[in-house]
Visitor: 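Sending over a structure as structure tokens; questions will come in a sec.
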Amino acid sequence: MKNKLKGFVEHFKPHKKLFILDFSSAFLMAMIDLVFPIFTRRIIDVELPNKNYKFFLVLIGILIILQIFRAIFAYIVTYYGHKMGVNIRYDMRNKLFRHLQKLSLSYYDNEKTGTIMSRVMGDLEILSELAHHGPEDLFIIVVTFIGSFILMFNLNITLTLVVFTILPFYIYFVVKENKKMKKAFKKYRVVAAEVNSHLEDSIAGIRVVKAFGNEKDSTHKFDKHNKNVADTLMKAFEPISRLTSVTGLYSGGIQILILVLGGSMVIKGEMTIGILVAFLLFVNRFLDPIKRLISFLEMFQQGMVGYERYSEVMAIDPDIKDNKGAIELEDVRGNIKFKDVSFSYDDGEKVLENFNLEIKEGEKVALVGPSGAGKSTICSLLPRFYDVTSGSIEIDGINVKEITQNSLRKNIGIVQQDVYLFHGTIEENIELGKIGASRDEIIKAAEMANALEFINELSEGFDTVVGERGIKLSGGQKQRISIARIFLKNPKILILDEATSALDNQTERYIQESLEKLSEGRTTLTIAHRLTTIKNSDKIVYLDKDGIQEYGTHDVLIENQGKYEKLYRGISG
Ligand SMILES: Nc1ncnc2c1ncn2[C@@H]1O[C@H](COP(=O)(O)OP(=O)(O)OP(=O)(O)O)[C@@H](O)[C@H]1O
Ligand SMILES: [Mg+2]
């Protein structure tokens, strides 16, 4: 907890000026509030009985001026205090996003999108309120309590002691309820993230839901999550309600106590009426900080739980980091070497064992073999989406671990079956291959990818906005956009992972043509189920669960009459 708080405090440092402005204004406000009962007492006990109109008016005048100042301070506290809170949340969100961009793919393999979203948005939501009100409220509460204790003590010792003796009981109660509240809010955050991720999942998969007519089931599942959220939240309102109710009782009770004790003192002539009124006013001033204390605690719990979840993500180290002294990969020729590579994903089962493969500059190599053999895995190891468990991968004789991730990936172009188009125009989507490319370069790339024709047929051409998932384009069209990206990127090494397998024959031929153009002068690693597309490769590697089984040109492998030959005959009839 201490560390967490320390971490949270760190975030205030860049906003020191706002912090000081907010705090000094809050302090002055609290002071003005404390002065009020003192003035009232003076008026009742001294000026009124003496019919001293002049002083009476002077005191009232001062009170009016103080109230005007108080109003100005209140504005500053609300506006600039919130500004500080909003700024802090802004910083934290940016930091979190930057961190998420750095995290390795293995993190995303294991986290649900909705959960991540609720971390970035939901968990940090309340933090801006906490960042503002938290320290300020705590400060005001302390100042008001200490200030009023001193002032009240000066007016009447007995009465002050009575008021402050029953305070610890109340604080004990608050602390106890507070613990329950924290537990409830923590659980709430978890289930809220669950409902988020269910929502995200069912929207992303809406086509599947509809295709199977599963709307009812999906709604039912959502209802279950939603109900869970509602129930959990209500658990938090139990202690909150008890706190509110007991606080009311406490403040009402204390006022009655003062009236009874103070009143009898007045009757006995031990205390003036002015002091009694001042006490009542002081106690009323208490109510405000006590109310603040409760809303502060509520916010503090929620905010700290959110902060905890924020820190959890921030504490995750990317699995894959640039080595110290990692070099920039420049003037790549495109020699690739897998040396005794073994690899397993987190769950431990070995996907590759002692895998060896050498690809010379400019060579076209195809990987074929049954599903699950590890072909795509090999391709994700080269750009270091995952790190090899043992062995090494070299590009032009340099271990990929010694190269900065950025320059490594700049030199590798990947075309996959599953194309992701971002929400934006076609131009923006192609430009991802080389941020800042000119319109001419983009048109040229589209032309090379055989995409120019269909883009020009669209009513807004390159400015056509494609949906969140590029839903308004056909599979082949999306594929051509992804190829245009690579033309623009112009990498020396190319990975084509079943780039054409989801397309019909006609489109496939069309795309095959642009892929061939793309692979000219580049080292190319192709994975294909349709063996017709890789027949002309320089080398074909047949891979299954036990590793490389066959290796050679198409003609040699056919002559060998091994697994490749069987596969080839099977497919081409
Ligand atoms: N992100 C991942 N996390 C954990 N295991 C994975 C992951 N991706 C793939 N695997 C597992 O690794 C093995 C190899 O998968 P890979 O995708 O490399 O096969 P593939 O040869 O490309 O198959 P296909 O021809 O069907 O595309 C499979 O058993 C798969 O379940
Ligand atoms: Mg695959």
Side-chain angles (χ1 to χ4, degrees), residues 328-334 361-364 379 382-383 395 406-504 506-526 528 533-534 536-537:
E328 297 285 317
L329 189 61
E330 278 163 353
D331 302 320
V332 187
R333 278 175 292 131
E361 162 180 2
E363 254 182 353
K364 320 268 168 276
C379 295
L382 186 59
I395 292 180
N406 197 285
S407 75
L408 171 68
R409 289 171 193 164
K410 270 215 160 70
N411 285 293
I412 301 174
I414 305 171
V415 183
Q416 277 165 318
Q417 182 180 333
D418 190 16
V419 178
Y420 191 88
L421 297 187
F422 287 92
H423 179 79
T425 64
I426 289 189
E427 179 175 14
E428 284 162 355
N429 265 291
I430 297 178
E431 197 202 331
L432 294 177
K434 183 177 150 194
I435 304 286
S438 69
R439 185 47 113 37
D440 281 343
E441 284 177 286
I442 288 169
I443 293 176
K444 185 91 200 298
E447 191 182 356
M448 304 281 276
N450 280 340
L452 196 56
E453 203 176 313
F454 90 80
I455 293 173
N456 281 335
E457 272 169 23
L458 297 169
S459 61
E460 290 177 62
F462 279 89
D463 297 321
T464 308
V465 173
V466 286
E468 202 182 351
R469 288 176 166 251
I471 266 158
K472 291 170 212 152
L473 294 182
S474 76
Q477 289 167 334
K478 282 198 270 185
Q479 193 59 277
R480 273 174 271 176
I481 292 200
S482 80
I483 294 170
R485 276 179 190 162
I486 309 293
F487 269 113
L488 195 60
K489 185 177 183 181
N490 196 20
K492 210 59 196 167
I493 296 166
L494 201 58
I495 294 171
L496 309 174
D497 190 352
E498 315 223 37
T500 58
S501 62
L503 308 169
D504 64 80
Q506 182 67 34
T507 320
E508 181 184 343
R509 222 166 295 142
Y510 209 52
I511 286 183
Q512 190 56 33
E513 206 184 284
S514 51
L515 285 177
E516 267 160 32
K517 226 188 302 169
L518 183 61
S519 62
E520 267 165 36
R522 303 177 212 268
T523 310
T524 309
L525 195 56
T526 306
T533 54
I534 49 117
N536 298 323
S537 305

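In this chain, numbering begins with 1 at the start of the sequence shown. Side chains included, hydrogens not; waters and symmetry mates left out as well; all remaining heavy atoms used.
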Visitor: Nearest heavy-atom pair of G413 and I486: which atoms, and what distance?
Guide: CA-CD1, 3.9 Å
Visitor: Any non-hydrogen side-chain atom of T425 less than 4.5 Å from a side-chain atom of F462?
Guide: no
Visitor: Indicate yes or no: at least one non-hydrogen side-chain atom of E498 is less than 4.5 angstrom from one of Q416.
Guide: no
Visitor: Between F487 and K444, is the side-chain contact (heavy atoms from CB on, under 4.5 Å) condition met? List the steps.
Guide: CA-CA 9 Å; F487 269 113; K444 185 91 200 298; over 6 Å; no
Visitor: Step by step, work out the side-chain contact (heavy atoms from CB on, under 4.5 Å) result for I412 and I495.
Guide: CA-CA 7 Å; I412 301 174; I495 294 171; 3.8 Å; yes
Visitor: For the side chain of S407 and the backbone of L329, is there at least one donor-acceptor N/O pair under 3.5 Å apart?
Guide: yes
Visitor: Would you name the heavy atoms of K478 and L421 that are closest together and state the gap between them?
Guide: CG-CD1, 3.6 Å
Visitor: Quick check: are there more than 12 heavy atoms from other residues, nucleotides or ligands sitting under 6.0 Å from CG of D418?
Guide: no
Visitor: How long is the span from the CG atom in L496 to the CD atom in Q512, to the nearest 0.5 Å?
Guide: 8.5 Å
Visitor: Quick one, F454 and L473 - any side-chain contact, counting heavy atoms below 4.5 Å?
Guide: yes
Visitor: How long is the span from the CG atom in L382 to the CG atom in L408, to the nearest 0.5 Å?
Guide: 6.5 Å
Visitor: Search all heavy atoms of E427 against all heavy atoms of R439 and return the closest pair with its distance.
Guide: OE1-NH2, 3.0 Å
Visitor: Would you say I414 and C379 make side-chain contact, with heavy atoms under 4.5 Å?
Guide: no
Visitor: Can R480 and I511 be said to form a side-chain contact (heavy atoms from CB on, under 4.5 Å), step by step?
Guide: CA-CA 7 Å; R480 273 174 271 176; I511 286 183; 4.0 Å; yes
Visitor: List the atom of K489, the atom of R409, and the distance in Å for their closest heavy-atom pair.
Guide: NZ-O, 2.8 Å
Visitor: Under the 3.5 angstrom rule, does the side chain of E516 hit a backbone N or O of E513 as a donor-acceptor pair?
Guide: no
Visitor: Under a 3.5 Å distance rule, please check whether S519 uses its side chain to pair with a backbone N or O of R522 as donor and acceptor.
Guide: no
Visitor: Quick check: do N429 and Y420 have side-chain heavy atoms less than 4.5 Å from each other?
Guide: no
Visitor: When you compare the side chain of L488 with that of E441, does any pair of heavy atoms fall below 4.5 Å?
Guide: yes
Visitor: Which pair of heavy atoms, one from I430 and one from A446, lies closest together, and at what distance?
Guide: CD1-CB, 4.2 Å
Visitor: Counting distance only, does the side-chain N/O of N411 pair as donor-acceptor with the main-chain N or O of V332 below 3.5 Å?
Guide: no
Visitor: What distance do I442 atom CD1 and R485 atom CZ have between them, rounded to the nearest 0.5 Å?
Guide: 11.5 Å
Visitor: Tell me, with the steps shown, if L518 and I483 meet side-chain contact (heavy atoms from CB on, under 4.5 Å).
Guide: CA-CA 8 Å; L518 183 61; I483 294 170; 4.0 Å; yes
Visitor: Can you tell me how far CD of E453 sits from CD1 of I455, rounded to the nearest 0.5 angstrom?
Guide: 11.0 Å
Visitor: Cut-off 3.5 Å, side chains only: do Q479 and S482 have a donor facing an acceptor?
Guide: yes
Visitor: Answer yes or no: is there a donor N or O on one side and an acceptor on the other, between the side chain of K364 and the main chain of G362, under 3.5 Å?
Guide: yes
Visitor: Is the side chain of K492 donor-acceptor paired with the backbone N or O of D331 at a distance under 3.5 Å, no angle test?
Guide: no
Visitor: Between atom CD of E457 and atom CG of L452, what is the distance when rounded to the nearest 0.5 Å?
Guide: 10.5 Å
Visitor: Would you name the heavy atoms of A445 and A484 that are closest together and state the gap between them?
Guide: CB-O, 3.5 Å
Visitor: Calculate, to the nearest 0.5 Å, the distance between atoms CG and OG1 belonging to D497 and T526 respectively.
Guide: 9.5 Å
